[in-house]
Amino acid sequence: MQKLTRRQSEILETIRRYQQETGYPPTRSEIAAEMGYRSANAAEEHLRTLARKGVLEMIPGASRGIRLLDQDPVDAGLPVIGQVAAGSPILAEACIDEHIRVPDDLFHPRADYLLTVRGLSMIEAGIIEGDLLAVHKTDQARDGDIIVARLEDEVTVKRLRRGRSAHRLTLQPENTDFAPIHVDLRKQSFLIEGISVGVIRRSR
């Protein structure tokens, strides 16, 4: 790895700190704001230089497409998320119970973490209490996807159903004993944390 300038080291530390706090890398605009740049283009130029120096990898087509190359999450395995603290990022260190090694090609798209399933609301989709839900981290989902959603300060696993209105959607359980959750995006805080890409059933 080539020697970094002071400014490059500061940007690298900014990315590392942001990722530790949120569980995902910052956007170019967020880096620019943190560093006091007027434009995201300045951050982009520094990122390209850091990529040439072998410190990070830039993933095309993703707003958060930055991967630090001095970390090796594959060796540790996928983090298993237990109880998610209200208001905290889902990949915050306090939420991680353990790491589990899984084959790289087991899920497509790739899984970024495993979420311990609590409750019975998704049993008709084959997701039962105690399962490890494999989640691909993204803030985008299609109608019908099973998603990990943060509604206000609560995290839930449900099937996404979009309505005719851009302001309304439904989180649909896969158990007739449970009622759907109707969300008004104008009044409620809602965030897609990721989409389900599979399930690992632990022996009981």
Side-chain angles (χ1 to χ4, degrees), residues 19-25 62 64 71-163 165 167-185 187-204:
Q19 188 160 301
Q20 289 173 345
E21 291 174 353
T22 66
Y24 46 83
R64 300 185 185 276
Q71 299 176 339
D72 196 0
V74 174
D75 285 345
L78 294 177
V80 178
I81 310 301
Q83 298 297 319
V84 180
S88 297
I90 203 164
L91 284 174
E93 191 66 32
C95 300
I96 298 174
D97 288 343
E98 59 179 310
H99 290 77
I100 292 181
R101 295 286 299 275
V102 299
D104 293 340
D105 59 353
L106 184 60
F107 302 108
H108 182 77
R110 64 179 174 81
D112 294 299
Y113 60 90
L114 302 169
L115 185 68
T116 303
V117 176
R118 302 295 181 211
L120 303 173
S121 67
M122 298 298 288
I123 58 174
E124 292 169 16
I127 302 171
I128 63 177
E129 184 155 13
D131 282 353
L132 296 177
L133 187 74
V135 182
H136 174 68
K137 186 168 181 57
T138 177
D139 59 2
Q140 302 295 317
R142 297 171 298 182
D143 183 56
D145 282 345
I146 294 176
I147 65 171
V148 177
R150 187 181 293 276
L151 182 60
E152 303 299 344
D153 282 337
E154 298 297 323
V155 173
T156 186
V157 177
K158 295 289 184 290
R159 193 176 296 280
L160 176 66
R161 293 299 185 193
R162 298 189 183 276
S165 168
H167 304 299
R168 297 181 182 276
L169 54 85
T170 299
L171 300 177
Q172 184 70 43
E174 294 287 338
N175 184 337
T176 53
D177 291 335
F178 288 75
I181 300 171
H182 301 289
V183 181
D184 187 334
L185 299 176
K187 301 176 182 178
Q188 295 168 281
S189 173
F190 174 80
L191 176 69
I192 296 173
E193 296 273 7
I195 59 172
S196 167
V197 293
V199 171
I200 296 175
R201 184 145 299 153
R202 283 178 149 169
S203 57
R204 290 171 171 81

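Atoms considered below: every heavy atom in the structure, side chains included; atoms not considered: hydrogens, waters and symmetry mates.
For the atom pair I123 CD1 and F178 CZ, the distance stands at 7.5 Å (nearest 0.5 Å). Note that the CD atom of E193 and the CG atom of L115 stand 9.5 Å from one another [nearest 0.5 Å]. Note that CD of E154 and CD1 of I181 are 10.0 Å apart. Values are rounded to the nearest 0.5 Å. With values rounded to the nearest 0.5 angstrom, L191 atom CG is found 11.5 Å from E152 atom CD. In this structure, CE on M122 lies 5.5 Å from CZ on R159, to the nearest 0.5 angstrom.
Side-chain atoms of Q172 and K158, non-hydrogen and from C-beta on, never get closer than 4.5 Å to each other. Under the 4.5 Å side-chain criterion, counting only non-hydrogen atoms from C-beta, D145 is not in contact with I192. Contact annotation: the side chain of R118 approaches that of T116 to within less than 4.5 Å [non-hydrogen atoms, C-beta and beyond]. Within the 4.5 Å cutoff, the side chain of Y113 has heavy atoms near those of the V148 side chain. Between L169 and D143 the shortest side-chain heavy-atom distance does not fall below 4.5 Å.
Across V102, I200, I100, a single residue satisfies side-chain contact (heavy atoms from CB on, under 4.5 Å) together with L78, and that is V102.
Across all non-hydrogen atoms, the minimal contact from F107 to V197 is CD2-O, 3.4 Å.
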